[in-house]
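Report on one structure; see the data block that follows.
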Amino acid sequence: MKKTLLLLLLALLYLSKAGAQELGANYNENIAQPITEIQMLRNSEISWVRGFINIHSEFLTVENNVIVGINEDAIRNSSLSRQFMAARASLGEGVKFILSLKIPFQNDEGLVPEVGSEACEYVFKAARLLLESFDMGRNISLLVMGNEPMWENWNADLQSDDADDYKDFLNEFADRIAQWKREEGWTFEVFAGSLNRISEVPRPTIQAVMDVVNENPNVDGLDLHLHCYNVNQAENDLRLARETYGVKKKLICTEFSMVRKLEGEGQDPNHRTASLGSWGTSHGYSSDMQLYEYLDMAVKNASAGNPVSPDEFASLFESFGWYPRNWFTTFYNAFRKYDTYVITGRFSVVPNSDIYNFAPTYTADTRLWELGGVYIPKLLGFNPDGTYVPNPLVYPDFMAAKNGMYIEKVIEGQREILLVLGNGIASPADFTGKIVKDGKETEFALAEGYALLGGLAPDTAYSISVLDSGNNPVWTRTVSTAPLRNSFPVLKYTDAGKYTYICLQNLPDDAESCRLMIDGETTAPVTASMEGNVLSAEITYSDGSVETITTDLK
Amino acid sequence: MKRYLMLAALSAMLFLMAGCTDRQRPEAVFAGFDTDCETVGLYFPGAFESFAVDYGIQVCINHERLTFRLQNSDQSEFVHAEFSSAPSEVSEKVTVSVTSLGFDLAKGNFEMEVVKADGERVWLASETVNMIIPAL
């Protein structure tokens, strides 16, 4: 008994060491989609949005399998970039954006272009122009160089993914980006990846990417994709990255699913043709009806305004012995265990989703990516208020993860950092905070719902921890404050989920005091409601002069 | 017939002018500086462009330092003007030192003339840019 208790305690301590992950919404190539569902993104209180752009197919000019130029107009006028950035503007700084650059070289002559070649320069030029367009470089928080290169550089005829050239390419790309960041004042983090199924797929590019992550100081971390067949594979991949490849930098996971299990793979039969069996007869369907026929019917019923119920939908999948119940929670526990910084799963599957390149109907061969969405109105319709019906296979686990979080959002100001507490901190008085800079520790208290850390220096990294009553860290993260952009103060207000965070940025050193006001009345920087017509600030400078900044709220 | 055609053309012109925003008003209006306009902002004669108070635009004033700044919330566009003296009387000339982002026509030092003042606002004109600012 004692031994069991000790083991349980050790397990709890092990799990509580990490857990700094934040939840986000992935859109893959459909980066024009988030602007169409801003309210759903706000309602879900996610902290990140992620999408990718295929630089190769969208912006490079290719002749006879050789990159010979870039289409500058296409980059400057990209409606994808414009809409992605429109979503960023709508959601505000409480939601951070990840841009992944998909650059498949598999059909190019010589595969990955050699560093110094004209082709390589065209790729870099296109990437820089893309980051400059629509002020993307300033508005994203994280850039991933690549998207599944172990597939997308793989040439089956040559039986090669040109790993050596890819390693050189990535190192040069990371160094160039670091230079662009210095020149432009961009502050986004740079990751390599995304590597999919690393515990299964022995491709040389995996080692090449790991080497770049571990060795290049201009790379901040590694992006993994976990599209699994076995539910334990998530943990296997994360462990492999941390323990075998020795990745000490940040890990993120921008795509994850159990799609291969849902469809059936390897020894499994095609699960899409599984019969409904006795579940079918007890729910008013034929026992011979196959899963794909049911899904097709569900889409048509939802489209006709008569969707199947979420309970029925969930009970069907639970009736299948092969269905990996609570797979999201299993993944999430692995993310916590291996300190995965950000995870972005599929967010929504809307009707008429041809934009997802999915067929409007289900057949025995339709990929089942859609079943991994947190919201699936395409299959289950809309609520009376127009919001999306959640996916009963994912949403409860998603909410449990969200409700267990210690810190829900981190918003980096220039001299302040706001931590929005998650429901994992039910009683803030039972927790304390610790901020460390250059070995000097300072404690801070957690207010009800948030902690606002002030008196910080701009453009500086701080190690921040939240500790429980036993002084054990339950959340730790290195967070950098934003740099000053100029000496002209600007008033910012950010939707931080439960709160609005108001601050002044670019405060010069001679600013002695500030006052924030709504309709002339002093307001706190973190407020639960933002009712009013005019937001203003008064800044008093050391020479006694006062600057007022005023902006309409309506 | 001619009279009807002229009336129709005039009606169409008035209709178009009434429906235009400041940014879209025709050159003729800006060339003469539309001093009937009361919206604080910068107006570029002939460039069919303006940067004026609207939702999301911030107005920044420091009376002691004689500065006026207009900016959007992410400062991807701003104009910061520092005046040599507080402009207030019609025909008065002031030197303005301007720092800006997104407006190449409003940069550096130039002279502006007060063309209208009502106590709350001042209308300032120059060859490249006209301004309506809160009284400093």
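Values below: all heavy atoms of this structure, side chains included; hydrogens, waters and symmetry mates excluded. Chain letters run A, B, ... following the sequence lines, proteins first and then strands; every chain starts at 1.
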Please look at A:Leu535 and chain B and tell me whether the side chain, the backbone, both or neither of the residue comes under 4.5 angstrom of a heavy atom of that chain.
-> neither
Counting heavy-atom pairs under 4.5 angstrom with chain B, the leader among A:Asn486, A:Ile549, A:Ile539 is A:Ile549
Can you tell me if NZ on B:Lys107 sees more than 12 non-hydrogen neighbours from other groups inside 6.0 Å?
-> yes
Crowded around A:Glu184 CD? As in, over 12 foreign heavy atoms under 6.0 Å?
-> yes
After noting the C-alpha distance and the side-chain angles of B:Asn62 and A:Tyr541, does the key distance pass the side chain to side chain contact (heavy atoms under 4.5 Å, CB included) rule?
-> CA-CA 10 Å; B:Asn62 187 326; A:Tyr541 293 98; 3.9 Å; yes
Distance only, no hydrogens: is a donor on one side chain within 3.5 Å (strictly under) of an acceptor on the other, for A:Asp135 and B:Ser76?
-> no
If you take all heavy atoms of A:Glu547 and B:Cys60, which pair is closest and at what distance?
-> OE2-CB, 3.6 Å
To the nearest 0.5 Å, what is the distance between CZ (A:Phe488) and CD (B:Gln75)?
-> 8.0 Å
Hey, can you pull the donor-acceptor pairs under 3.5 Å for the side chains in residues 110-118 of chain B, sequence neighbours left out?
from, atom 1, to, atom 2, distance (Å)
B:Lys116, NZ, B:Thr35, O, 2.7
B:Asp118, OD1, B:Glu120, N, 2.9
B:Asp118, OD1, B:Arg121, N, 2.7

Carboxylate-amine/guanidinium contact B:Arg65 A:Asp543, below 4.0 Å | yes
Could you give the distance from CD (A:Glu93) to CG (B:Asp74), rounded to the nearest 0.5 Å?
-> 8.5 Å
With distance as the sole test, does B:Glu64 use its side chain to make a donor-acceptor pair with the main-chain N or O of A:Gly544 at under 3.5 Å?
-> no
For A:Lys498, does the NZ atom sit with more than 12 other heavy atoms under 6.0 Å from it, leaving out its own atoms?
-> yes
Select one option (side chain, backbone, both, neither) describing which atoms of B:Ile61 are under 4.5 Å from chain A's heavy atoms.
-> both
Go through the atoms of B:Gln58 and report whether side chain, backbone, both or neither lie under 4.5 Å from a heavy atom of chain A.
-> both
Identify which of A:Asp552, A:Thr551, A:Asn506, A:Val490 forms the greatest number of heavy-atom pairs closer than 4.5 Å to chain B.
-> A:Val490
In terms of heavy-atom proximity below 4.5 Å to chain A, should B:His63 be classed as side chain, backbone, both, or neither?
-> backbone
Might you confirm whether atom CD of A:Glu521 has over 12 heavy atoms from other residues, nucleotides or ligands at distances under 6.0 Å?
-> no
